[in-house]
Amino acid sequence: MRIILATTLVTALALPAFAETRTFKTDAGHTEVRFGWDHAGVTRQHGEFDRADGTLSIDLDDPTSATLEVTIDAASVSTGFGPLDDHIKNADFLKVDEHPNIQFVSNSITRTGETTADVVGDVTLRGVAVPATLKVELIHQGKHPVAQFLDYYKGDWLGFHASAEIDTTPFGFALPVGTLAFDISTEMKAQ
């Protein structure tokens, strides 16, 4: 009997632990996708996309196996100046009538520190996919501090800050823009 128990225990300890992959979704009210560009060397201009949806599938014990998909509503671009927004949406730049979404899909994740990682993937804009790297920092993991006041915040949450620089040349914009610098903040709720 002892041999059977010992063999069972050794076998159980030798088996790999089953990873728990969880899904987190962006919280629309607490997700900001800001971007900036050099306006012909005269000024630094900024805008943001007001609507972005992201899904992160992650084993919190092995974040390098995670997958991330983000869809941005290209028509939600906002610079604070309506005529500029309209110009960015037209065929010179985003061409939102034909390509309503900007997408990012991860290919790999490499940890760069205790709470930082490089998320490498492809950005698709105007139907053209280009490689991009999100420099990501985990800001929060666990229960949301606001849950004590509002039921919506109950459950597990992740908070991230990310940045990326993307060369716009491959997208075929009518006017040269150079590099877009993205600055992203998001809170994600476990599903």
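Across Leu56, Leu134, Leu68, a single residue satisfies side-chain contact (heavy atoms from CB on, under 4.5 Å) together with Ser106, and that is Leu68. Partner of Phe93 under the ring pair (Phe, Tyr, Trp, His ring centres under 6.0 Å) criterion, chosen from Trp37, Phe173, Phe171: Phe173.
Side chains of Thr133 and Val119 form no contact here, defined as non-hydrogen atoms less than 4.5 Å apart. The closest side-chain heavy-atom distance from Asp92 to His87 is below 4.5 Å. For the pair Thr179/Glu165, a side-chain contact is recorded, criterion being any heavy-atom separation below 4.5 Å from C-beta on. Side-chain atoms of Phe104 and Asp122, non-hydrogen and from C-beta on, never get closer than 4.5 Å to each other. Residues Met188 and Trp157 form no side-chain contact, since every pair of their non-hydrogen atoms from C-beta on lies 4.5 Å or further apart.
A donor-acceptor distance shorter than 3.5 angstrom exists from the side chain of Arg126 to the backbone of Ala91, with no hydrogens or angles considered. Here the side chain of Thr79 pairs a donor or acceptor atom with the backbone of Phe81 at under 3.5 angstrom. Side-chain atoms of Arg22 do not come within 3.5 Å of backbone N or O of Ile58 as any donor-acceptor pair. In this structure, His144 contributes its side chain and Val146 its backbone to a donor-acceptor pair below 3.5 Å. Asp183 contributes no side-chain N or O that, together with a main-chain N or O of Arg34, makes up a donor-acceptor pair within less than 3.5 Å. Put simply, the side chain of Thr31 gets close to the backbone of Asp27: a donor and an acceptor are under 3.5 Å apart.
Atoms CG and OG1, on Asp62 and Thr64 in that order, are 4.0 Å from each other to the nearest 0.5 Å. Rounded to the nearest 0.5 Å, atoms CG (Asp50) and CD1 (Ile72) are 11.0 Å apart. One finds the CG atom of Leu138 at 8.5 Å from the NE2 atom of His140 (value rounded to the nearest 0.5 Å). Interatomic distance, Leu94 CG to Ile102 CD1, rounded to the nearest 0.5 Å: 5.0 Å.
Val120 and Val105 are not part of a single hydrophobic cluster, where members link through side-chain heavy atoms under 4.5 Å apart.
Take Arg51 and apply the side chain to side chain contact (heavy atoms under 4.5 Å, CB included) test, not counting sequence neighbours, and it matches Asp73, Ser76. Not counting sequence neighbours, the partners of Lys154 by the side chain to side chain contact (heavy atoms under 4.5 Å, CB included) test are Ala147, Asp151.
Side-chain polar atoms of Thr71 and Asp53 form no donor-acceptor pair below 3.5 angstrom. Between the side chains of Glu69 and Thr67, no donor-acceptor pair of N or O atoms lies under 3.5 Å. In this structure, a donor-acceptor pair under 3.5 Å is present between the side chains of Thr55 and Lys25.
The residues Asp38 and Arg44 are annotated as not salt-bridged, no charged nitrogen and carboxylate oxygen being separated by less than 4.0 angstrom. Using a 4.0 Å cut-off between a side-chain N of Lys or Arg and a carboxylate O of Asp or Glu, Lys89 and Asp97 do not qualify as a salt bridge.
For Val123 against Ala132, the heavy-atom pair with the smallest separation is CG2-CB, 3.6 Å.
The ring of Phe35 has its center no closer than 6.0 angstrom to the ring center of His46.
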Take Glu48 and Val33 through the side-chain contact (heavy atoms from CB on, under 4.5 Å) test and state the conclusion after the steps.
-> CA-CA 5 Å; Glu48 75 177 89; Val33 179; 5.8 Å; no
Going through the checks in order, is the salt bridge (Lys or Arg N to Asp or Glu O under 4.0 Å) test met by Arg111 and Asp118?
-> CA-CA 6 Å; Arg111 288 185 79 156; Asp118 285 348; over 6 Å; no
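For the pair Lys189 and Tyr152, the distance from NZ or CZ to the six-membered ring centre is under 6.0 Å and the angle to the ring normal is within 45 degrees.
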